[in-house]
K.L.:
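Shown below is the structure under consideration.
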2 protein chains.
Amino acid sequence: MLSLTKKSEYALIAICHLARVGERVVSAREIAELHQVPLPLLMNILKQLNQAGCVNSVRGARGGYSLAVPADSLTLSAVLRAVEGPVRLVNCAPVGTGSRACERAGICSIRSPIHKLHHQFLRFLDEVTVSDVAFDEAYYERPVGMNGEAAVSE
Amino acid sequence: MLSLTKKSEYALIAICHLARVGERVVSAREIAELHQVPLPLLMNILKQLNQAGCVNSVRGARGGYSLAVPADSLTLSAVLRAVEGPVRLVNCAPVGTGSRACERAGICSIRSPIHKLHHQFLRFLDEVTVSDVAFDEAYYERPVGMNGEAAVSE
DNA sequence: GGAATATAGCATCTGACGGGTACCATTTCA
DNA sequence: TGAAATGGTACCCGTCAGATGCTATATTCC
C-alpha cells in the first residue's frame, strides 16, 4: 500500500537516465535495454511524460527523448502526476479537476486533519527534484558510467 | 495513486472515534452508524486493529473496542501497517519480513535515492499520531524535505 | 438456563485497475 | 524507399481492494 507503481518506477528510471546524459536525445529502446525495462511499457510511459511536458520528443529515425526541463527544476511530484494522474492521499482530497465531493463530506470526522496531511505529503513530493534522485552521491560511488553500462553486485 | 485505501480511511475514523470517547468501550455497530461506514467491513478492520495491538476488544453483549495505547503514542504508521501491511514506497524497499530482493537490484540506478525517500516517508508517517488526527487543534505542521536532512541508513 | 448481543475467524465473491501487449499511423534519416 | 523511431489507441489478464456471509465463541440480561 501507499506504494509507487511500476509505471512510476520506470518513469523515474527513464527520467533519471535522461538527466544524466544531459542534452543528448535517447531512444526508448536504448533506455529499455540499459535498464532492463519492458520496451513497450516504457514507450507508453515516455509518451505520457511527453504529453505532460516533462520530456521533449524527436520523431523519426535517430529520434528519442530528452528532458524538457532542467533536472533541478523537475519535481518528483510532476513526474508522478504525469504517469499516475493526480496524487491523492485520500479520494476526497481537493485536487482541482477530477475531484468529486466525498459522500461523507458532511459527517467525516477526519476530513480536516487528513487534508492537512495530504498537503504536507504533496509538499514532500514537491521538494524532491529529479536532480536529487539522478545525482545521488551513492550512485556515483558505484562503478557505473554515465553511459549506463553497469554490472553492480550487492 | 499513492492513496490511502478505504480500509485505512475506515480504520482512522474508528481509531479517532475511540480516541475521542476515551476509556469507554464502543461497539463496531455504534461506530458504523455514527460515521456511516459499512458495518461488516468495519468489523473486519477492527479485528485487524485488535490483532495488531492497536485496540483492545471486549467480547459478548455490551462488548466492543477501546484504544490499547494512548492516542498520542499511537502513530499513523502503526495504524496503517495494521490494516494494510508494511508501507513500502517501492517493492524493493527493505521492510524486514516479506521483503524479497528486487530483480533489478544489481543494475537499478535509482535504488539508493528511492530508499532514502522511502525512509523519509516512513518518518513522516511515524511523526503523526492518532492524537494529531483525532484532536485537530493539536495538529501542527512540520517542514519536510529531502535536502539538508540527516542521511538515513538502510 | 436461554435469548440477545458482540467479537473471532474464516471463506468467498466481484469490479477495477495495474502491468503488459498489439497494432497501425506518422515522421525522419540514410 | 525502407528502416527506425515516436504518436495514438485499443485490448488482455491477473491481482487485489472492497464488500459480504457464515459459523463459533464469549458475555450480559432476563
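These figures come from a predicted structure and were not determined experimentally. Residue numbers begin at 1 in each chain, while the letters A, B, ... track the order of the sequences.
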K.L.:
At less than 4.0 Å, is any side-chain N or O atom of B:Asn50 found next to OP1 or OP2 of C:dA8? Yes or no.
P.N.:
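So the side-chain polar atoms of B:Asn50 do come within 4.0 Å of the phosphate oxygens OP1 or OP2 of C:dA8, strictly under.
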K.L.:
Taking only the side-chain nitrogens and oxygens of B:Arg59, find out if one of them lies under 4.0 Å from OP1 or OP2 of C:dA8.
P.N.:
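For C:dA8, neither OP1 nor OP2 has a side-chain N or O of B:Arg59 closer than 4.0 Å.
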K.L.:
Can you tell me the distance, in whole Å, between the CD atom of B:Gln51 and the C1' atom of C:dG9?
P.N.:
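Computing the B:Gln51:CD to C:dG9:C1' distance gives 8 Å.
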K.L.:
Tell me whether the side-chain N/O atoms of A:Tyr10 come closer than 4.0 Å to OP1 or OP2 in C:dG18.
P.N.:
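No, A:Tyr10 has no side-chain N/O under 4.0 Å of OP1/OP2 on C:dG18.
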K.L.:
State, with a plain yes or no, whether a side-chain heavy atom of A:Leu122 is found less than 4.5 Å away from one of A:Leu89.
P.N.:
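No - every pair of side-chain heavy atoms lies 4.5 Å or more apart.
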K.L.:
With respect to the phosphate group of C:dT5, does any side-chain polar atom (N or O) of B:Arg29 fall under 4.0 Å of OP1 or OP2?
P.N.:
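The answer is no; no side-chain N or O of B:Arg29 sits under 4.0 Å from OP1 or OP2.
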K.L.:
Is the side chain of B:Arg88 donor-acceptor paired with the backbone N or O of A:Ser3 at a distance under 3.5 Å, no angle test?
P.N.:
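Not a single qualifying donor-acceptor pair exists.
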K.L.:
Any side-chain heavy atom of B:Asp132 within less than 4.5 Å of one from B:Leu76?
P.N.:
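With C-beta onward as the side chain, the pair stays apart.
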K.L.:
Regarding C:dT21, can its base be found pairing with the side chain of A:Asn44 as donor and acceptor, where the two atoms are less than 3.5 Å apart?
P.N.:
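Pair found.
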K.L.:
Given C:dT7, C:dG19, C:dT27, identify the nucleotide with an atom nearest to the side chain of B:Ala28.
P.N.:
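Of the options given, the side chain of B:Ala28 lies nearest C:dT7.
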K.L.:
Between A:Val37 and A:Ile45, is there a side-chain heavy-atom distance shorter than 4.5 Å?
P.N.:
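A side-chain contact is absent here, since even the closest heavy-atom pair is not under 4.5 Å.
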K.L.:
How do A:Arg62 and A:Lys7 order along DNA chain C: which one's closest nucleotide is nearer the 5' end?
P.N.:
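The answer here is A:Lys7.
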K.L.:
From C:dA8, C:dT27, C:dC29, pick the nucleotide closest to the side chain of A:Ala61?
P.N.:
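From the listed options, C:dC29 comes nearest.
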K.L.:
Would you kindly give the CE-to-P distance between B:Met43 and C:dC10, to the nearest whole Å?
P.N.:
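In whole Å, C:dC10 P lies 15 Å from B:Met43 CE.
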K.L.:
Without decimals, in angstroms, what is the distance between B:Asn56 CG and C:dA6 C1'?
P.N.:
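B:Asn56 atom CG is separated from C:dA6 atom C1' by 16 Å.
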K.L.:
What is the distance from CD of B:Gln48 to P of C:dT7, rounded to the nearest Å?
P.N.:
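It works out to 15 Å between those atoms.
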K.L.:
For B:Arg20, look at atom CZ and say whether over 12 heavy atoms of other residues, nucleotides or ligands are found less than 6.0 Å away.
P.N.:
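Above 12, so yes.
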K.L.:
State whether the distance check finds a donor on one side and an acceptor on the other, under 3.5 Å, for side chain B:Lys47 versus base C:dG9.
P.N.:
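Yes, the side chain and the base share a sub-3.5 Å donor-acceptor pair.
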K.L.:
Hey, where on DNA chain D does chain B first and last touch, going 5' to 3'? Cut-off is any atom under 4.0 Å from a heavy atom.
P.N.:
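Contact span on the strand: D:dG18 to D:dC29.
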K.L.:
Tell me every residue that passes side-chain contact (heavy atoms from CB on, under 4.5 Å) with A:Glu33, counting only those two or more places apart in sequence or in another chain.
P.N.:
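Result, side-chain contact (heavy atoms from CB on, under 4.5 Å) vs A:Glu33: A:Arg29.
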K.L.:
Consider only side-chain N and O atoms of A:Asp72 and A:Thr129, and report whether a donor and an acceptor are under 3.5 Å apart.
P.N.:
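Checked: A:Asp72/A:Thr129 side chains show no N/O donor-acceptor pair below 3.5 Å.
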K.L.:
5'-most contact on DNA chain C: A:Gly60 or A:Leu41, nearest heavy atom basis?
P.N.:
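Of the two residues, A:Leu41 wins.
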